[in-house]
Amino acid sequence: MEGLRRGLSRWKRYHIKVHLADEALLLPLTVRPRDTLRDLRAQLVGQGVSSWKRTFYYNARPLDDHLTVRDVRLQDGSVLLLVSDPR
């Protein structure tokens with residue numbers, strides 16, 4: 001049963017949003033549990049948004065690019081915050 005559940009997660013999709021604090025934008029993204037935050041950055045670039053020198057936050061916690069959607073425990077409808085790195 002566990003193998004079946006793992007196999008089905010490949011087809012699972014989450015509809016999340018990324019809030020760009022600097023531009024006051026809320027962008028929708030469709031992600032899979034195995035996608036990394038680096039993959040999310042690539043999707044944003046595809047939509048014309050640069051994520052260079054910006055950090056993702058979820059539940060007031062900064063996130064590393066190597067983490068997956070599953071690692072972060074994102075769910076359908078979750079909102080990630082993308083903030084410029086402080087300088």
Side-chain angles (χ1 to χ4, degrees):
M1 190 65 173
E2 183 63 30
L4 178 62
R5 224 178 285 155
R6 250 185 271 140
L8 289 176
S9 71
R10 179 179 349 153
W11 302 105
K12 190 180 282 190
R13 301 271 194 257
Y14 296 129
H15 301 283
I16 65 167
K17 294 188 186 323
V18 176
H19 180 216
L20 303 172
D22 299 336
E23 289 97 22
L25 288 174
L26 195 61
L27 297 173
L29 291 180
T30 302
V31 297
R32 293 174 299 210
R34 292 184 181 176
D35 287 347
T36 63
L37 293 178
R38 191 170 291 133
D39 297 330
L40 272 63
R41 286 185 189 278
Q43 285 189 37
L44 289 173
V45 168
Q47 292 186 14
V49 176
S50 172
S51 62
W52 178 252
K53 293 189 179 181
R54 295 185 186 185
T55 304
F56 281 111
Y57 285 84
Y58 184 63
N59 288 337
R61 189 173 45 121
L63 305 173
D64 292 326
D65 279 353
H66 70 276
L67 294 172
T68 64
V69 169
R70 184 181 301 134
D71 294 338
V72 179
R73 297 192 174 152
L74 293 179
Q75 299 174 357
D76 205 35
S78 294
V79 177
L80 286 175
L81 181 63
L82 188 60
V83 180
S84 294
D85 292 336
R87 295 255 180 240

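Keep in mind it's a predicted model, so treat the numbers as computed, not measured.
- To the nearest 0.5 Å, atoms OG1 (T55) and CG (L37) are separated by 10.5 Å.
- In the hydrophobic clustering of this structure, L80 groups with L29; members are Ile, Leu, Val, Met, Phe, Trp, Tyr whose side-chain heavy atoms approach within less than 4.5 Å, directly or through other members.
- The two residues Q43 and T30 make their nearest non-hydrogen contact at NE2-O, 3.3 Å.
- Contact detail for L81 and A21: the closest heavy-atom pair is CD1-CB, 4.0 Å.
- At a cut-off of 3.5 Å, with distance as the only test, a side-chain donor of R41 or S51 sits close to an acceptor on the other residue.
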### Query
Can you check side-chain contact (heavy atoms from CB on, under 4.5 Å) on N59 and R73, steps first, answer last?
CA-CA 10 Å; N59 288 337; R73 297 192 174 152; over 6 Å; no

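- To the nearest 0.5 Å, the span separating OG1 on T36 from CG on D71 amounts to 10.0 Å.
- Both L25 and I16 are assigned to one and the same hydrophobic cluster, defined by single-linkage of ILVMFWY side chains at heavy-atom distances under 4.5 Å.
- From K12, atom NZ reaches atom CG of D76 across 9.5 Å, with rounding to the nearest 0.5 Å.
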Does the side-chain contact (heavy atoms from CB on, under 4.5 Å) test come out yes or no for T68 and R34, once each step is laid out?
-> CA-CA 6 Å; T68 64; R34 292 184 181 176; 5.6 Å; no

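- Going from atom CG of L44 over to atom CG of L27 covers 6.5 Å, rounded to the nearest 0.5 Å.
- The main-chain N or O of L82 is never found under 3.5 Å from a side-chain atom of R54 such that the two would form a donor-acceptor pair.
- Atom-to-atom distance recorded for K17:NZ and L20:CG is 12.5 Å, nearest 0.5 angstrom.
- No more than 12 heavy atoms of other residues, nucleotides or ligands shown are found within 6.0 angstrom of CD on Q75.
- Listed here is the closest heavy atom pair of L74 and Y14: O-CE1, 3.9 Å.
- Once rounded to the nearest 0.5 Å, the distance linking OH of Y58 with CG of L67 reads 13.0 Å.
- Residue V18 is not grouped with residue V45 when hydrophobic side chains (ILVMFWY) are merged at heavy-atom distances under 4.5 angstrom, including chains of intermediate members.
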